[in-house]
Structure formats: C-alpha cells, structure tokens
Amino acid sequence: MQSVAFSVAIVCLLAGTVSGGIVFDRPCPTDIYVKEYFEVDSYLGKWYELQRYESVFEENFDCVQVRYTLNDDGSVQVSNSAYNLFNGSTINALGRAVLSYPDEEPLQAKLNVSFFGAPNDLSNYWVLDTDYETFSVVWNCQPVGEQQSEESFWVLSRTPTLPADTNVMFRIHYIMRRYIDRSLLRFTRQLDER
C-alpha cells in the first residue's frame, strides 16, 4: 500500500497539483516577470526536463518529459512521464492546462494546470521565458502560511540536452540569477535521444 501511495504522490507532483517544491522562509516573491505575448500553439509539443528544484516526490526520477497537445475545447492536454531509477518503473500522468488570465493584454504566460479531473483554478505554471524552439524556464510559487512559500522550478528543452547557444544560456542564467537559488537545482538525466 505504501508503494501505491508513493506512486500517486509522484504522479501528483509531476502534475503540478501537489506541493512538493522547496520551502523558503519568505512569502512568494511578487516581482516575478513572465513571458508576454504568450503563444500557446508555439508552446505545444514535446519538452525534456533538464533541471529542477528537487522534491521528495521526484526523488529517484529522471527522464522526465512532458508533451502538450491542443484539446478540441481550446485547453491543452498535458502528458507528464518519468522513469524511476530506484525501481525501474515508468509513470505517466494526464492533465489539462488553461490560460490563467486569457483576456489579459498582453497575454501573460501563466497557466492553470490540473490533473485527475481537479478544477483548473490555480495559476501554478508560469513560463518565465521561452523561445518556443529551444528552451523554456518555468516557475511556481504557492504560499505556505503567511511567512513561507513553496517554489518549484524547471528548465525544459526541446532536445535531451541544450544546444551550445550563448543567447539561450544567457537567458536561462539571467532568470536563475534573478529568481532561483542555484545551489538547490538538480540536473535531470535524459536517456531518450529524441
């Protein structure tokens, strides 16, 4: 029974519906800038996770990948998968994403992602920067009481490794310097070559 509960917790974390990021002794920052003029259609497709804030729920997981596809109703289907290095199992979680503020001008890259039929009422997936073709930097922060917050952070790539592009690396490291504690980052191993 414990292994079933553990697997469900892992899937929930990958889905973005359960907290599990790094807890900080501060409220959620309010000076976080996200990608403007967000293009949902350009963001669709497969992404590989390259770095993240580690959490107890993602421990021993690598080969984390996500695929975004457009649903008939205009929402986005989210398919997360990961490989557990401890027991060799693979998990997959299907969810749904919608724009958090679809009428905002310019359109902000803030999405509500939920899984297992849960309501899409939490803006929990913020794309801080992306060029749609190479990389994406994603962040989430949820309050834990009045003086603490729980943050998640991911660096995603269209390929299992980032290309040696100085502009891409500058953009990713610029965000990390501004918002992220780099000492808490964990590299995600990718075994899939495409």
Side-chain angles (χ1 to χ4, degrees), residues 1-21 34-35 38-102 107-128 130 132-133 135-142 150-160 186 188-194:
M1 186 65 174
Q2 283 183 333
S3 66
V4 171
F6 180 75
S7 295
V8 169
I10 297 287
V11 170
C12 290
L13 175 71
L14 289 171
T17 58
V18 169
S19 298
V34 301
K35 177 82 172 172
F38 186 59
E39 301 169 15
V40 173
D41 289 343
S42 298
Y43 200 74
L44 300 175
K46 185 175 185 176
W47 292 94
Y48 295 84
E49 179 190 277
L50 299 184
Q51 292 183 48
R52 69 174 181 250
Y53 275 161
E54 184 65 286
S55 70
V56 68
F57 299 113
E58 281 186 292
E59 201 170 341
N60 296 320
F61 274 84
D62 277 293
C63 302
V64 180
Q65 300 171 15
V66 62
R67 183 177 299 276
Y68 301 104
T69 54
L70 198 60
N71 290 321
D72 290 339
D73 66 358
S75 66
V76 174
Q77 180 185 36
V78 182
S79 176
N80 281 326
S81 64
Y83 179 74
N84 187 317
L85 296 176
F86 179 70
N87 63 19
S89 66
T90 300
I91 60 170
N92 190 51
L94 292 176
R96 182 173 178 266
V98 295
L99 290 167
S100 300
Y101 310 102
L107 187 60
Q108 303 287 309
K110 296 179 180 180
L111 293 99
N112 299 11
V113 179
S114 65
F115 286 73
F116 310 112
N120 287 69
D121 57 0
L122 182 64
S123 184
N124 58 359
Y125 187 97
W126 290 13
V127 179
L128 303 186
T130 186
Y132 304 101
E133 298 174 5
F135 79 99
S136 179
V137 179
V138 181
W139 178 81
N140 174 38
C141 186
Q142 299 302 318
E150 191 165 46
E151 293 184 32
S152 299
F153 177 78
W154 303 271
V155 174
L156 308 176
S157 174
R158 290 292 190 181
T159 57
R186 179 227 200 253
T188 306
R189 200 168 55 161
Q190 292 290 344
L191 303 177
D192 185 348
E193 292 303 318
R194 266 322 236 176

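This chain uses plain numbering: 1 for the first residue, then up along the sequence.
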Item to check | Candidate pair Tyr132 and Lys35, rule side-chain contact (heavy atoms from CB on, under 4.5 Å), full reasoning | outcome: CA-CA 11 Å; Tyr132 304 101; Lys35 177 82 172 172; 3.8 Å; yes
Item to check | Distance, nearest 0.5 Å, that separates OG1 of Thr188 from CD of Gln51 | outcome: 7.5 Å
Checklist entry - Regarding Thr69 and Gln77, is there a side-chain donor-to-acceptor distance under 3.5 Å anywhere? => result yes
Next on the checklist: On a heavy-atom basis, which atom in Tyr83 and which in Cys63 lie closest, and how many Å separate them?
Outcome noted: CB-CB, 3.9 Å
Checklist entry - Would you find a donor on one side and an acceptor on the other, under 3.5 Å apart, between the side chain of Arg158 and the backbone of Lys46? => result yes
Next on the checklist: Can you classify the ring geometry of Tyr68 versus Tyr125 as parallel (below 30°), tilted (30 to 60°) or perpendicular (above 60°)?
Outcome noted: perpendicular
Next on the checklist: Quick check against the 3.5 Å criterion: does Asn120 have a side-chain atom that pairs as donor or acceptor with the backbone of Asn112?
Outcome noted: yes
Checklist entry - Is it true that the NZ or CZ of Arg67 lies under 6.0 Å from the centre of Trp47's six-membered ring and within 45 degrees of the ring axis? => result no
Checklist outcome for this item: Rounded to the nearest 0.5 Å, the CD atom of Gln190 sits from the CG atom of Asp62 at a distance of 7.5 Å
Checklist entry - Can any side-chain N or O of Asn124 pair as donor or acceptor with the backbone N or O of Val113 at less than 3.5 Å? => result yes
Item to check | Qualifying salt bridge (charged side-chain N to carboxylate O under 4.0 Å, His left out) pairs, either residue in residues 85-97, two or more places apart | outcome: Asp73-Arg96
Next on the checklist: Tell me every residue that passes side-chain contact (heavy atoms from CB on, under 4.5 Å) with Ser157, counting only those two or more places apart in sequence or in another chain.
Outcome noted: Leu50, Thr159, Leu162
Checklist entry - Between the side chains of Thr130 and Tyr43, is a donor N or O closer than 3.5 angstrom to an acceptor N or O? => result no
Checklist entry - When rounded to the nearest 0.5 angstrom, what is the spacing between SG in Cys141 and CD in Glu150? => result 8.5 Å
Item to check | Val64 and Trp154, any side-chain heavy atoms less than 4.5 Å apart | outcome: no
Checklist entry - Would Tyr101 and Ser123 satisfy side-chain contact (heavy atoms from CB on, under 4.5 Å), going step by step from the backbone distance to the final call? => result CA-CA 9 Å; Tyr101 310 102; Ser123 184; 4.1 Å; yes
Checklist entry - For Leu156 and Val138, what are the C-alpha separation, side-chain angles and deciding distance, and is it a side-chain contact (heavy atoms from CB on, under 4.5 Å)? => result CA-CA 8 Å; Leu156 308 176; Val138 181; 4.1 Å; yes
Checklist outcome for this item: Taken to the nearest 0.5 Å, the spacing of Glu49 CD from Gln65 CD works out to 10.0 Å
Next on the checklist: Nearest 0.5 angstrom please: Glu39 CD to Leu44 CG, how far?
Outcome noted: 11.0 Å
Checklist entry - In Å, rounded to the nearest 0.5 Å, how long is the span from CH2 of Trp126 to CG of Leu111? => result 11.5 Å
Item to check | No-hydrogen, no-angle side-chain donor-acceptor test under 3.5 Å, Ser81 and Asn92 | outcome: no
